[in-house]
Amino acid sequence: MTVVSACNNDDAVTPGPTIYFSSSGEYEIAPTDTLVLQPIITYDRNSTYAWLVDNKVVSDELNLEFVPDGMREYDLTFMISNANGADTFNVHVSVVKNIEFDTFDNFTVPSKSTLYMQTDTVPTDYFVAGDVYFPTQINADTTMWGGMAFSNRTTTSSSLSTSAIGCAYTLNGTASKSYAAMSGYGNGAYALFTERTYSVKSVDITNDNFAYLVSKYGFTSADSSLVLPHFTTNDYVKLNIYGLNFDGSDGSSVTFDLVDCAYDNPAKYVRITDWATVDLTSLGQVFGLRFEIESSQPDFPPFFCIDNLKLQD
């Protein structure tokens, strides 16, 4: 049960009542939660109350125990009136299934900082979170993966080495306790919904530490077989996110800029340096997601990180 607590002022005063809510009246809960809404009211004496959910009156009590009937957006209105005046406050409740990458059905999250590539026991393996599957594949020498790897690494590096791969780049110090380190190698990066379609509300995205540094400084492998130049004017890295149709084909897409150098002055180049929430509601009802890195530089490492995949009915 999620409880939002507040207080009530019973002092007799001349002014009309005024309503306040914690979190400015914006709440996000899981589908199994109950949200107890308790408005904070000044100048509340001999008042009458009304709660409306989606414009329908559901209660005349001061507090409301809200139980969602599905994973969607809810608009609630609280109204108060007495002899001295009236006030109205709009409350918004978002009910989502949030994949936070901190629990899995087939993998125990380690307490120590690590990048974990799921053991490749079959041609395509998965990280499983309920009815959401994240495919993963590992190359022959187990040094690189395609799809998802688990990560809870939070210490970013300024040293351009492969040890920086699989770490979310968060220059401003905003840490997530666990997330998905995604790679476009192998069969690509996906989130697959195995039992039903979902409307994807949003996902949090940031640069991979190694990819960020490559765009800034370039990279040459130890044997010089791979040479990646640093980015100059008009270079870019985009993350294209496709909603999947029933047959697995790509549907609508949303594009997010990870690196944008569309300026003459390198000081104005834009690189994502913290988690950003990307709205995916325009994809509609989908059977999954496909993530694709697009870059102006051939062979750019297709790494990025995601967290808080929020799903609705």
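Residues: numbered from 1 along the sequence shown.
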If you apply the rule side-chain contact (heavy atoms from CB on, under 4.5 Å), what do you find for V203 with I205, and how did you get there? CA-CA 6 Å; V203 66; I205 297 172; 3.9 Å; yes
I need the [X] [atom1] to [Y] [atom2] distance, nearest 0.5 Å.
{"X": "S151", "Y": "L115", "atom1": "OG", "atom2": "CG", "value": "5.5 Å"}
{"X": "D125", "Y": "N106", "atom1": "CG", "atom2": "CG", "value": "7.0 Å"}
{"X": "T156", "Y": "L213", "atom1": "OG1", "atom2": "CG", "value": "8.5 Å"}
{"X": "Y212", "Y": "C167", "atom1": "OH", "atom2": "SG", "value": "13.0 Å"}
{"X": "T18", "Y": "I41", "atom1": "OG1", "atom2": "CD1", "value": "9.5 Å"}
{"X": "N63", "Y": "Y49", "atom1": "CG", "atom2": "OH", "value": "9.0 Å"}

So, do [X] and [Y] sit near enough that their side-chain heavy atoms are less than 4.5 Å apart?
{"X": "F291", "Y": "Y190", "value": "no"}
{"X": "T34", "Y": "I29", "value": "no"}
{"X": "T48", "Y": "D60", "value": "no"}
{"X": "F256", "Y": "L258", "value": "yes"}
{"X": "E28", "Y": "V95", "value": "no"}
{"X": "T255", "Y": "L239", "value": "no"}
{"X": "V286", "Y": "F193", "value": "yes"}
{"X": "P17", "Y": "N82", "value": "yes"}

Look at the aromatic rings of [X] and [Y] and report parallel, tilted or perpendicular, splitting at 30° and 60°.
{"X": "W145", "Y": "F303", "result": "parallel"}
{"X": "F300", "Y": "F231", "result": "tilted"}
{"X": "Y74", "Y": "F66", "result": "perpendicular"}

Do [X] and [Y] land in one hydrophobic cluster if side-chain heavy atoms of ILVMFWY residues count as linked below 4.5 Å?
{"X": "M182", "Y": "V109", "value": "yes"}
{"X": "V58", "Y": "Y27", "value": "yes"}
{"X": "L64", "Y": "F21", "value": "yes"}
{"X": "I306", "Y": "I99", "value": "yes"}
{"X": "L226", "Y": "V237", "value": "yes"}

Sidechain-backbone polar pair: [X] side chain, [Y] backbone, donor-acceptor under 3.5 Å:
{"X": "S59", "Y": "E61", "result": "yes"}
{"X": "E100", "Y": "D307", "result": "no"}
{"X": "N245", "Y": "D247", "result": "no"}
{"X": "D257", "Y": "D260", "result": "no"}
{"X": "S221", "Y": "S225", "result": "yes"}
{"X": "W51", "Y": "L62", "result": "yes"}

The single option from Y179, Y169, F304 passing ring pair (Phe, Tyr, Trp, His ring centres under 6.0 Å) against W275: Y179
F150, F107, F104 screened by ring pair (Phe, Tyr, Trp, His ring centres under 6.0 Å) with Y116, the one that passes: F107
Sequence-distant partners of D131, salt bridge (Lys or Arg N to Asp or Glu O under 4.0 Å), two or more places apart: K97
Can you find a side-chain donor-acceptor pair between [X] and [Y] that sits under 3.5 Å?
{"X": "R271", "Y": "S215", "result": "yes"}
{"X": "S161", "Y": "S163", "result": "yes"}
{"X": "T277", "Y": "S202", "result": "no"}
{"X": "Y133", "Y": "T194", "result": "no"}

Apply side-chain contact (heavy atoms from CB on, under 4.5 Å) to residues V132 and L192 and explain how you reach the verdict. CA-CA 6 Å; V132 183; L192 303 177; over 6 Å; no
Please determine whether a side-chain nitrogen of the Lys or Arg among D313 and R196 lies less than 4.0 Å from a carboxylate oxygen of the Asp or Glu. yes
Salt bridge flag under 4.0 Å for residues D54 and R72: yes
May I have the step-by-step check of ring-ring contact (aromatic ring centres under 6.0 Å, His included) for F287 and F246, ending in yes or no? CA-CA 6 Å; F287 290 85; F246 175 76; 5.4 Å; yes
Run the side-chain contact (heavy atoms from CB on, under 4.5 Å) check on V259 and I272 step by step: do they pass? CA-CA 7 Å; V259 181; I272 297 301; over 6 Å; no
For [X], is the [atom1] atom crowded, meaning more than 12 foreign heavy atoms sit under 6.0 Å from it?
{"X": "M144", "atom1": "CE", "result": "yes"}
{"X": "N46", "atom1": "CG", "result": "no"}
{"X": "N55", "atom1": "CG", "result": "no"}

Is the distance from the ring center of F89 to that of F78 below 6.0 Å? no
Do F101 and F127 have ring centroids that are under 6.0 Å from one another? no
Sort and list the pairs that fulfil side chain to side chain donor-acceptor pair (under 3.5 Å) and have at least one residue in residues 281-306, not counting sequence neighbours. T197-Q285, D235-S296, D235-Q297, Y236-E294, N240-E292, N240-E294, Y242-E292, D250-R290, D279-T281
Could you tell me whether R45 sits above the aromatic face of Y43, with NZ or CZ closer than 6.0 angstrom to the six-membered ring centre and within 45 degrees of the axis? no
Quick one: list whatever passes side chain to side chain contact (heavy atoms under 4.5 Å, CB included) with D264, sequence neighbours left out. T233
If we check side-chain contact (heavy atoms from CB on, under 4.5 Å) with L76, which of these qualifies: N90, L52, L37? L37
